[in-house]
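Here's the structure we're looking at; comments come further down.
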Amino acid sequence: EDKVVQSPLSLVVHEGDTVTLNCSYEVTNFRSLLWYKQEKKAPTFLFMLTSSGIEKKSGRLSSILDKKELFSILNITATQTGDSAVYLCAVASSSGTYKYIFGTGTRLKVLA
Amino acid sequence: NAGVTQTPKFQVLKTGQSMTLQCAQDMNHNSMYWYRQDPGMGLRLIYYSASEGTTDKGEVPNGYNVSRLNKREFSLRLESAAPSQTSVYFCASSLWASGYNEQFFGPGTRLTVL
């Protein structure tokens with residue numbers, strides 16, 4: 001059965017801290033891994049990773065994929081209160097039928 | 001450019017009632033999706049439409065039907081609502097259903113079935 005597991009489930013840090021969020025997966029016919037940020041409403045896209053070892057970076061956020069060990073990490077440096085959200089990891093696979101499999105998310109709270 | 005829009009934002013139904021959730025996108029995307037999100041369960045795919053004129057079941061299709069009305073619009077219908085369908089419903093779209101395109105999500109519909 002395909003699955004995506006995120007850890008930790010929740011995390012509380014102080015402003016300025018660096019956090020690492022984890023996403024491991026077991027899926028057939030891997031296509032891509034995506035990270036989303038979800039505040040009160042709709043998830044918003046952060047990164048899409050398709051190749052191992054190539055870091056994607058956007059400001060204080062960065063992510064990397066390891067297709068051999070089947071995981072990805074999302075790093076956030078110098079955290080701010082605006083980073084408080086649920087971070088979702090999703091894996092796209094195509095094995096007969098198309099699908100995206102989402103993890104349950106990591107809830108991050110950044111304290112001032 | 002509104003992106004993905006959904007109506008209604010909130011809805012309360014009684015068991016057995018029916019309703020249709022509407023979704024539209026103005027990004028000229030070919031693929032559209034319906035998800036439900038429940039506490040501790042993540043997002044689960046209900047149905048998707050890889051292109052206009054096609055629809056396919058996702059992970060949790062029972063109790064739902066969909067219609068891809070045209071390239072812009074994709075509706076989700078609950079024929080006889082049950083309390084187990086209480087959830088937040090998100091519509092999403094992507095350029096293609098290839099697994100190599102990010103999905104853009106609508107603001108969600110919070111549905112309560114009593």
Side-chain angles (χ1 to χ4, degrees), chain A residues 1-10 21 23-25 27-51 54 56 58 61 63 65 67 72 85-107, chain B residues 2-10 21 23-25 27 29-51 54-61 87-111:
Chain A
E1 182 185 339
D2 293 337
K3 62 180 179 180
V4 175
V5 178
Q6 293 186 246
S7 64
L9 290 179
S10 65
L21 310 183
C23 176
S24 64
Y25 62 91
V27 301
T28 51
N29 295 320
F30 173 92
R31 291 266 179 134
S32 63
L33 185 145
L34 300 96
W35 285 97
Y36 290 87
K37 177 182 182 182
Q38 186 176 27
E39 295 171 90
K40 294 282 186 194
K41 38 193 178 179
T44 53
F45 172 75
L46 294 174
F47 298 112
M48 180 168 64
L49 304 153
T50 56
S51 301
I54 299 174
K56 292 272 182 103
S58 176
L61 278 66
S63 183
L65 173 68
K67 290 170 74 173
S72 173
V86 175
Y87 290 84
L88 298 170
C89 172
V91 174
S93 78
S94 177
S95 50
T97 58
Y98 154 90
K99 55 185 173 181
Y100 279 112
I101 306 111
F102 279 80
T104 55
T106 293
R107 184 175 296 276
Chain B
V4 180
T5 57
Q6 291 182 235
T7 56
K9 287 188 170 54
F10 301 94
L21 281 65
C23 174
Q25 52 89 12
M27 295 175 282
H29 285 170
N30 295 283
S31 305
M32 298 183 74
Y33 317 81
W34 276 105
Y35 289 91
R36 59 179 289 173
Q37 187 175 37
D38 302 294
M41 298 290 289
L43 284 157
R44 292 183 292 168
L45 184 65
I46 305 171
Y47 271 94
Y48 70 99
S49 171
S51 60
T54 69
T55 59
D56 285 286
K57 294 178 181 178
E59 184 184 353
V60 288
S87 189
V88 180
Y89 290 85
F90 288 101
C91 177
S93 71
S94 66
L95 183 58
W96 291 106
S98 66
Y100 296 123
N101 301 121
E102 67 266 31
Q103 295 177 317
F104 295 82
F105 286 83
T109 295
R110 186 174 293 275
L111 175 66

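Letters A, B, ... mirror the listed sequences (proteins, then strands); counts begin at 1. Quick caveat: nothing in here was measured; it's all calculated off a predicted structure.
- The candidate from A:Gly105, A:Pro43, A:Ser32 with the greatest count of non-hydrogen atom pairs under 4.5 Å with chain B is A:Pro43.
- In this structure, the portion of A:Tyr36 lying under 4.5 Å from any heavy atom of chain B is its side chain and not its backbone.
- A search for side-chain hydrogen bond (donor to acceptor under 3.5 Å, both in side chains) contacts involving B:Ser31 returns nothing, not counting sequence neighbours.
- Rounding to the nearest 0.5 angstrom, the gap separating the CD atom in B:Glu102 from the CG atom in A:Leu46 is 11.0 Å.
- Among A:Gln6, A:Lys40, A:Lys41, A:Met48, the residue making the largest number of heavy-atom pairs under 4.5 Å with chain B is A:Met48.
- For A:Phe102 and B:Tyr35, the ring centers sit closer than 6.0 Å to each other.
- The neighbour count for A:Arg107 CZ, taken as heavy atoms of other residues, nucleotides or ligands under 6.0 Å away, does not exceed 12.
- Neither the backbone nor the side chain of B:Glu59 comes within contact range of chain A, judged by heavy atoms closer than 4.5 Å.
- Taking chain A as the reference chain and counting heavy-atom pairs below 4.5 Å, the highest number among B:Gly58, B:Gly42, B:Gly108 is found for B:Gly42.
- Only the side chain of B:Phe90 comes within contact range of chain A, with at least one heavy atom under 4.5 Å from a heavy atom of that chain.
- With hydrogens and angles ignored, the 3.5 Å screen pairs no side-chain donor or acceptor of A:Tyr100 with any backbone N or O of B:Leu45.
- In this structure, OG1 on A:Thr104 lies 12.5 Å from CG on B:Asp38, to the nearest 0.5 angstrom.
- Across B:Asn101 and A:Leu34, no two heavy atoms sit closer than the pair O-CD2, 4.4 Å.
- For the residue pair A:Ala42 and B:Gly106, the shortest heavy atom distance occurs at CB-O, 2.9 Å.
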